[in-house]
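Okay, structure first, notes after.
In what follows, every heavy atom counts, from backbone to side chain, and hydrogens, waters and symmetry copies are set aside.
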Amino acid sequence: MSEWRMTTLAQLRRTALSLPDTGEHATSSGLVSFTVRDTWFAAADDAGRVRLRLPAAEGDEVLGAHPTADRLTRGAAVIGVRVPLADIDGQRLNHWVRRAWLARAPKRLAARAEAGDAVAAGEVGDLPRAIGGPATRALAGVGITTLAQVAGLTGAELRAMHGVGPKAVRILTETLDAAGHAHPLTG
């Protein structure tokens, strides 16, 4: 059985910002929101709760799994759920943040991200099989399918993608070096 650890705003931020076209906005009232093309999909308030804009069925799943969760409303309309960050483990938070992003992202962007979920290592462009499935899916999910596209990323941008770990970064760096591609991945 894995050890459960409290989820933090830092993890929420890392997960949200790893999704394509995501921005972060803070208000003077202490709300930190994450948007995809100016539409918010997740936020954290100063009371330590995460707010997720989810479709009704998925919101009901969160409510069923987390007794401390409640419905998030605007007027009489239910627009999502709110749950204390301390009451949701990191893997579930990652899942629900991504689901909220998919629900609010423009259809073409969401479809591209979902298409990336089905790819396997070694089957996308010229990305090396050795980076593994999670890194391959993360890159394909944001439309990166070639080493030339990877070469245009900074190391920080690559490491920020959920699913791209140190091993994948090392392999990509070595592969780019061997192919003679100039790249900023070591920075």
Should [X] and [Y] count as side-chain neighbours, where that means a heavy-atom distance under 4.5 Å?
X: Leu85; Y: Thr8; answer: no
X: Pro20; Y: Leu109; answer: yes
X: Ile131; Y: Thr136; answer: yes
X: Leu52; Y: Phe41; answer: no
X: Val78; Y: Leu72; answer: no
X: Val32; Y: His25; answer: no

Q.
As a quick check of understanding, evaluate side chain to side chain contact (heavy atoms under 4.5 Å, CB included) for Met161 and Ile144, giving each step before the final call.
A. CA-CA 12 Å; Met161 290 183 196; Ile144 296 171; 3.9 Å; yes

Q) Looking at Trp40, is Arg53 sitting on its ring face, NZ or CZ under 6.0 Å from the six-membered ring centre and within 45 degrees of the normal? A) yes

Nearest 0.5 Å, what's the [atom1]-[atom2] distance between [X] and [Y]?
X: Thr22; Y: Leu17; atom1: OG1; atom2: CG; answer: 6.5 Å
X: Arg98; Y: Leu93; atom1: CZ; atom2: CG; answer: 14.0 Å
X: Arg49; Y: Ile88; atom1: CZ; atom2: CD1; answer: 14.0 Å
X: Leu158; Y: Leu153; atom1: CG; atom2: CG; answer: 6.0 Å
X: Leu127; Y: Leu172; atom1: CG; atom2: CG; answer: 7.0 Å
X: Leu12; Y: Leu9; atom1: CG; atom2: CG; answer: 6.0 Å

Q.
Checking one residue: Leu31. Which other hydrophobic residues are in its cluster under the side-chain 4.5 Å linking rule?
A. none

[X] to [Y] - nearest heavy-atom pair and separation:
X: Val81; Y: Gly59; result: CG1-O, 3.5 Å
X: Ala113; Y: Leu102; result: CB-CD2, 4.3 Å
X: Gly133; Y: Ala121; result: N-CB, 3.8 Å
X: Ser29; Y: Asp46; result: O-OD2, 3.5 Å

Q) Can a donor-acceptor pair be found between the side chains of Thr146 and Gln149 at a distance below 3.5 Å? A) yes

Q: Indicate yes or no for a side-chain donor-acceptor contact from Thr15 to the backbone of Asn94 under 3.5 Å, with no hydrogens or angles considered.
A: no

Q: Measure from the side-chain N and O atoms of Thr73 to the backbone N and O of Ala76, and report whether any donor-acceptor pair falls under 3.5 Å.
A: no

Q. Which side chain to side chain donor-acceptor pair (under 3.5 Å) pairs, counting each pair once, include a residue from residues 59-68, with sequence neighbours left out?
A. Asp60-Arg71, Thr68-Asp87

Q | Common cluster, Val50/Ile79, ILVMFWY with side-chain heavy-atom separation under 4.5 Å | A | no

(Q) Considering only residues two or more places apart or on different chains, which pairs with a residue in residues 12-35 satisfy salt bridge (charged side-chain N to carboxylate O under 4.0 Å, His left out)? (A) Arg13-Glu24, Asp21-Arg37

Q) Counting heavy atoms not belonging to Glu114, are there more than 12 under 6.0 Å from its CD? A) yes

(Q) Apply side chain to side chain contact (heavy atoms under 4.5 Å, CB included) to residues Arg82 and Asp45 and explain how you reach the verdict. (A) CA-CA 10 Å; Arg82 182 174 41 215; Asp45 61 30; 4.1 Å; yes

